Amino acid sequence: HATRRPVINRGELQQVLVNLLVNAVQAMPEGGTLTLGTADLPEGGVDLRVADTGPGLDEGLLAELFQPFVTHKKDGTGLGLWISRGIVERYDGTLTAGAREDGERGACFRVRLPQDGAARG
């Protein structure tokens, strides 16, 4: 008998997405393009993408991006991505970061949630 994953709380998913959107906007202080994308995963579930045309993520930043209290903002706490990843992982999902998939300058954050993680409440 398979164990069902808990259904992700809509408020928690919203917190994750708002954090990613705010980070993307802050990465483009002179303006740019923010792209949101969704796709169904072949094995069930959803793939959410937040991409920007900011400076991108260098290897050093990528290595420490999801650690607590790591920030490159003068007014940031360094907790947003760490908390967001914890929320996503609680529902057996993943939160990753990297270069944009289209080869353009910028960053792309991906949230992948399994099928049983559909949002509720």
Side-chain angles (χ1 to χ4, degrees):
H1 167 45
T3 303
R4 283 186 54 89
R5 292 178 193 93
V7 177
I8 190 168
N9 177 282
R10 185 170 286 141
E12 289 181 320
L13 180 57
Q14 181 178 352
Q15 178 183 350
V16 170
L17 292 176
V18 166
N19 182 54
L20 296 177
L21 292 170
V22 167
N23 285 351
V25 168
Q26 290 176 344
M28 304 179 294
E30 308 300 319
T33 302
L34 175 65
T35 306
L36 305 176
T38 62
D40 292 330
L41 296 171
E43 65 274 15
V46 67
D47 178 24
L48 308 168
R49 292 175 310 283
V50 177
D52 64 60
T53 56
L57 304 164
D58 65 41
E59 291 299 318
L61 180 56
L62 270 174
E64 62 184 18
L65 197 58
F66 294 100
Q67 299 302 312
F69 305 110
V70 171
T71 185
H72 291 265
K73 302 176 196 173
K74 60 182 170 197
D75 60 349
T77 63
L79 293 174
L81 289 173
W82 179 67
I83 290 170
S84 293
R85 181 176 261 182
I87 290 170
V88 171
E89 288 178 348
R90 187 174 332 133
Y91 299 102
D92 292 331
T94 59
L95 171 57
T96 58
R100 291 174 52 106
E101 296 164 353
D102 59 9
E104 297 293 320
R105 185 177 109 156
C108 181
F109 286 78
R110 295 180 73 165
V111 176
R112 294 170 69 99
L113 291 167
Q115 187 165 357
D116 291 345
R120 69 163 157 82

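Only a predicted model underlies this, so the values are computations on that prediction, with no experimental measurement involved.
When all heavy atoms of Pro55 and Ala27 are compared, the closest pair comes out as CD-O, 3.1 Å. Across Arg112 and Leu41, no two heavy atoms sit closer than the pair NH2-CD2, 3.2 Å. Across all their heavy atoms, Asp58 and Leu61 have their closest contact at OD1-N, 2.7 Å. In terms of heavy-atom proximity, Cys108 sits nearest to Ala99 at CB-O, 3.8 Å. Pairing each heavy atom of Ala97 with each of Leu57, the nearest pair is CB-CD1, 3.8 Å.
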Dump the intermediate steps for side chain to side chain contact (heavy atoms under 4.5 Å, CB included) on Val22 and Asn19, then the final yes or no. CA-CA 5 Å; Val22 167; Asn19 182 54; 5.6 Å; no
Chi angles and distances behind the side chain to side chain contact (heavy atoms under 4.5 Å, CB included) call for Asn23, Phe109: CA-CA 10 Å; Asn23 285 351; Phe109 286 78; 5.6 Å; no
Test side chain to side chain contact (heavy atoms under 4.5 Å, CB included) on Glu104 and Thr33; report intermediate values, then the result. CA-CA 11 Å; Glu104 297 293 320; Thr33 302; over 6 Å; no
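Residues Leu13 and Arg10 fail the side-chain proximity criterion, which asks for heavy atoms closer than 4.5 Å. Contact of the Asn9 side chain with the Tyr91 side chain is registered, since non-hydrogen atoms from C-beta on lie closer than 4.5 Å.
When the shell of 6.0 Å around CD of Glu89 is examined, it contains more than 12 heavy atoms from other residues, nucleotides or ligands.
In this structure, CG on Leu34 lies 10.0 Å from CG on Leu20, to the nearest 0.5 angstrom. Atom CH2 of Trp82 and atom CD1 of Ile87 lie 10.5 Å apart (nearest 0.5 Å). To the nearest 0.5 Å, the span separating CZ on Arg90 from CD on Glu12 amounts to 4.5 Å. Atom OG1 of residue Thr53 and atom CZ of residue Arg100 lie 6.5 Å apart, to the nearest 0.5 angstrom. Note that CZ of Arg49 is 10.0 Å distant from CG of Leu36, once rounded to the nearest 0.5 Å. For the atom pair CG of Asp40 and CD of Gln115, the computed distance is 9.0 Å after rounding to the nearest 0.5 Å.
Judged by distance alone, with hydrogens and angles left aside, the side-chain atoms of Arg85 form no donor-acceptor pair with the main-chain N or O of Thr94 at under 3.5 Å.
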